[in-house]
2 protein chains.
Amino acid sequence: MASSIHDLARHLNISIGTVSRALNGRADVNADTRKRVLEAARTLNYSPNQSGRSLRQGATHSIAFMLQPHPGDQQYGEPFFIPFLIGLQARLAESGLDLIVVMGAPGDYQQERLRRVVETRRADAVLLAWTRREDERIDYLTQAGFPFATLGRSRSGAESYPSLDLDFEKAGADAVDRLVARGHRRIAAVRPSLDLNFGYLFLAGYRKALRRHGIEVDPELIASGFINEAGGYEVTPQVMRSKDPPTAIIFNNDAMALGGCKALAEMGIRPGHDMAVTVIVDTPLCRYFSPALTAFRPALEPMGQRLAEMLLASIPAFAGPEGPRIIREVWPLELVARDSD
Amino acid sequence: MASSIHDLARHLNISIGTVSRALNGRADVNADTRKRVLEAARTLNYSPNQSGRSLRQGATHSIAFMLQPHPGDQQYGEPFFIPFLIGLQARLAESGLDLIVVMGAPGDYQQERLRRVVETRRADAVLLAWTRREDERIDYLTQAGFPFATLGRSRSGAESYPSLDLDFEKAGADAVDRLVARGHRRIAAVRPSLDLNFGYLFLAGYRKALRRHGIEVDPELIASGFINEAGGYEVTPQVMRSKDPPTAIIFNNDAMALGGCKALAEMGIRPGHDMAVTVIVDTPLCRYFSPALTAFRPALEPMGQRLAEMLLASIPAFAGPEGPRIIREVWPLELVARDSD
DNA sequence: TGTGTTCTCGTAAACGTTTACGGAAAAACG
DNA sequence: CGTTTTTCCGTAAACGTTTACGAGAACACA
């Protein structure tokens with residue numbers, strides 16, 4: 001059924017060593033022989049068995065992407081990851097790498113699955129998303145000496161790994177700037193309760209910008225909840241109970257924003273009329289919601305491509321001739337003004 | 001760094017054969033030895049190298065999911081697949097299988113990528129989505145004798161493979177029934193232009209139900225376009241040009257519905273007031289659109305789980321003691337009544 | 001005690017590659 | 001022509017497993 005390199009060698013009456021060298025583009029093989037080998041490979045429909053290569057080379061030619069669910073989140077950051085995956089996979093495929101997607105039950109934080117991937121050498125490197133402020137996965141991987149990169153920053157691991165993140169701090173500040181310019185002074189912030197790093201960055205930018213405008217940061221206007229619709233629905237009323245309620249709310253997540261808008265609607269408050277609403281990470285949902293939500297949009301597909309590149313550049317086996325490099329980048333979020341503010 | 005079975009054997013002063021047998025739960029190993037081996041494996045942090053197992057066993061312990069993009073579709077059926085993937089991966093993980101996600105550039109129909117997966121024996125089986133009426137991928141896989149299952153039916157391959165599909169025919173009919181019951185007689189249908197099988201099924205149900213109600217099927221009320229927002233936006237006006245325009249439109253896809261609603265809005269037609277709108281496959285977008293779109297909802301996560309089960313049941317190596325079975329199922333879509341009809 | 005059976009384990013081959021090594025032939029050079 | 005270099009290829013080991021086979025020991029039974 002499956003033709004092996006032996007079949008090919010027998011068919012050509014040469015040794016398997018030569019066949020392998022010809023196929024792998026090594027220099028020490030006659031040009032004519034190489035041509036014959038390549039041709040025979042095509043007609044015999046031969047392609048090398050991956051398991052064989054992996055075993056011999058000690059490389060699996062695949063990358064594991066750990067899709068990290070949260071407690072209380074049933075959606076896995078739903079619309080966010082698909083375009084990212086598209087870019088990621090496209091770039092990996094260029095280098096002949098496959099993408100293994102690993103998910104887990106919400107709440108286990110995937111340490112177990114991660115260990116399994118690493119210990120069974122199932123992938124040559126892993127990609128982490130939803131980085132936390134202190135991230136034990138990063139500690140584990142650095143300590144194990146396993147190649148990895150992250151989508152998002154963290155305080156763990158001494159920045160000795162490639163990472164690509166969005167500039168949530170600037171987005172938070174930009175959101176405040178825009179609202180202030182439109183006359184708002186009482187601006188609330190709704191963010192995830194977990195120690196997700198982007199939540200901290202967002203809040204830092206929010207605070208900094210308020211201070212820059214001479215506006216006092218009011219703890220009553222800051223709420224945190226589960227990073228999903230229910231979370232937004234639950235905590236948004238908190239900021240409305242302030243004696244001096246906000247005239248604008250910045251949500252750190254699309255799902256929380258949708259839940260928040262539902263809560264607002266039940267209080268008779270209409271986003272875009274009675275309340276300015278801004279969302280930090282744009283998704284299709286923001287666009288189709290009514291009113292369409294002003295949001296900050298990431299370039300997800302290019303991000304996927306770029307992170308794949310960065311990961312590859314950090315691995316000696318895949319890096320170019322100039323050797324492996326650790327690249328860390330922070331990408332901007334682009335304002336998409338719509339009807340909600 | 002990585003401990004192999006040899007290290008374990010040396011440490012225990014027994015042969016690697018015994019270690020392997022102990023680890024794999026074979027019968028011919030002393031209970032005491034087995035205990036010692038398992039304990040040592042734990043302390044030495046040993047887990048078997050996947051490439052080694054794969055090579056020896058001729059099985060990769062992974063399943064490839066071919067995410068099929070369409071020409072003109074940049075979204076890869078975006079929100080649809082994430083919950084499906086969650087269920088799929090969860091079930092596969094239970095059996096120790098990894099999930100490889102393969103995407104491709106839109107338009108190439110992925111034959112090339114599929115061949116690569118099959119020929120390099122990168123996965124033990126593949127999973128196809130977006131099945132077409134006549135699907136060359138199915139023909140290729142059956143002819144190659146490669147295990148696979150499909151999300152969706154097809155006319156190809158003589159039904160000799162497991163498949164899980166949604167009952168688009170019944171959904172199409174139910175949608176018509178509901179609209180007729182609400183007094184509509186001029187009901188339009190907007191469907192994808194490609195030979196996607198679910199488009200045929202939907203249209204068949206639509207036609208059948210109309211006839212059952214004694215309503216003539218008017219070709220002017222049926223339009224097809226690219227299965228994305230732009231496609232819906234482009235072709236929806238066609239059905240409005242009829243001398244006797246529709247009072248209701250059934251969209252076969254959420255993205256097309258959104259595009260269609262945009263076109264309607266530009267004509268001053270408000271879904272839910274001047275026009276009843278129904279969508280066959282519900283997504284979060286339908287829920288948050290304004291007006292919220294009445295839609296038929298699939299149970300995506302259970303579907304993922306079930307299809308994984310069905311695929312495993314069809315593979316001798318993974319099937320239970322009663323041997324491999326080909327299972328084909330059709331699941332219902334559940335009506336979610338909202339504000340658009 | 002002799003024979004047959006059962007338990008348990010070691011030996012070694014095999015899976016399909018890649019690659020270090022060495023050697024024969026050809027080419028280059030004096 | 002003799003020597004050195006280059007070109008090309010075959011040999012065989014290695015990667016880490018699993019497993020067929022056989023053998024020794026222990027046991028059961030007559």
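So you know, we letter chains A, B, ... as the sequences are listed, proteins then strands, and number each from 1.
- To the nearest 0.5 angstrom, L127(A) atom CG is 10.5 Å from F148(A) atom CZ.
- Within the structure, every side-chain polar atom (N or O) of N49(B) is placed at least 4.0 Å from both OP1 and OP2 of dC15(D).
- Taking CZ of R122(A) as the reference point, atom CD1 of I63(A) lies at 14.0 Å (rounded to 0.5 Å).
- Look at N30(B) and you'll find a side-chain N or O under 4.0 angstrom from OP1 or OP2 of dT8(C).
- G58(A) comes within 4.0 angstrom of no nucleic acid atom, judged by non-hydrogen atoms across all strands.
- Using a cut-off of 4.0 Å between Lys/Arg side-chain N and Asp/Glu carboxylate O, E39(B) and R36(B) are scored as not salt-bridged.
- Residue R21(B) contributes atom CZ, which lies 10 Å from atom C1' of dT18(D) at whole-angstrom precision.
- When all heavy atoms of E119(A) and S47(B) are compared, the pair lying nearest together is CB-OG, 3.0 Å.
- Rounded to a whole Å, the CZ atom of R56(A) is 11 Å from the C1' atom of dA12(D).
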Using a cut-off of under 3.5 Å, enumerate the N/O to N/O pairs linking the protein to nucleotides 25-27 of chain D.
none

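- Of the residues R132(B), R155(B), R133(B), the one that meets the salt bridge (charged side-chain N to carboxylate O under 4.0 Å, His left out) test with D195(B) is R132(B).
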**Q.** Pair S160(B)-T142(B), side chain to side chain contact (heavy atoms under 4.5 Å, CB included): steps then yes or no
**A.** CA-CA 8 Å; S160(B) 52; T142(B) 49; 4.2 Å; yes
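- Between the P atom of dC15(D) and the NE2 atom of H61(A) lies a distance of 17 Å, rounded to the nearest Å.
- Atom C1' of nucleotide dA14(D) and atom CG of L55(B) are separated by 12 Å, given to the nearest angstrom.
- For the pair T18(A) and dG10(D), the criterion of a side-chain N or O lying under 4.0 Å from OP1 or OP2 is met.
- Side-chain N/O atoms of S20(B) include one lying less than 4.0 angstrom from OP1 or OP2 on dT18(D).
- As a whole-Å value, the separation of R53(B) CZ from dT17(C) C1' is 20 Å.
- Note: CZ (R34(B)) to C1' (dT8(C)) measures 11 Å, nearest angstrom.
- The nucleotide whose nearest atom lies closest to any side-chain atom of I5(B) is, among dT18(D), dT18(C), dG10(D), dT18(D).
- Here D28(B) lies in heavy-atom contact (under 4.0 Å) with a base.
- Among the nucleotides dT18(C), dC9(D), dG10(D), the one closest to any side-chain atom of I14(A) is dG10(D).
- Ring-plane geometry between F81(A) and W130(A) is classed as perpendicular, the angle between the planes exceeding 60 degrees on a 0 to 90 degree scale with a lower cut at 30.
- Nearest to the side chain of S4(B), among dG16(D), dT17(C), dT19(D), sits dG16(D).
- With N197(A) contributing its side chain and T131(A) its backbone, the two residues share no donor-acceptor pair below 3.5 Å.
- A straight line from NE2 of H6(B) to P of dT17(D) spans 8 Å, rounded to a whole angstrom.
- A perpendicular orientation is assigned to the rings of H61(B) and F318(B), their planes being inclined by more than 60° (bins at 30° and 60°).
- Atom pair K35(A):NZ and dC8(D):C1' shows a separation of 17 Å (rounding to whole Å applied).
- Distances shorter than 4.0 Å separate some side-chain N or O of T33(A) from OP1 or OP2 on dC9(D).
- Across every non-hydrogen atom of S154(B) and Y161(B), the tightest pair is CB-OH, 3.8 Å.
- Annotation: of the two residues near DNA chain C, P48(A) and A31(B), the 5′-most nearest-nucleotide partner is A31(B).
- Of the side-chain N and O atoms in S15(A), none sit less than 4.0 angstrom from OP1 or OP2 of dT11(D).
- The existence of a salt bridge linking D28(A) and R26(A) is excluded, since no basic side-chain nitrogen approaches an acidic carboxylate oxygen closer than 4.0 Å.
- Listed nucleotides: dT17(C), dG16(C), dT18(D). Nearest to the side chain of Y46(A): dT17(C).
- For the pair I16(A) and S47(B), nearest-nucleotide mapping onto DNA chain D gives the more 5' position to I16(A).
- At a non-hydrogen distance threshold of 4.0 Å, nothing from residues 114-126 of chain A comes into contact with DNA chain D.
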Q: Before giving the answer on side chain to side chain contact (heavy atoms under 4.5 Å, CB included), spell out for E159(B) and I326(B) the whole-Å C-alpha distance, their side-chain angles and the decisive distance to 0.1 Å.
A: CA-CA 9 Å; E159(B) 309 205 341; I326(B) 303 297; over 6 Å; no
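- Comparing the start and finish of the helix from dT1(C)-dA30(D) to dG30(C)-dC1(D), five pairs each, the helix axis swings through 40°, to the nearest 10 degrees.
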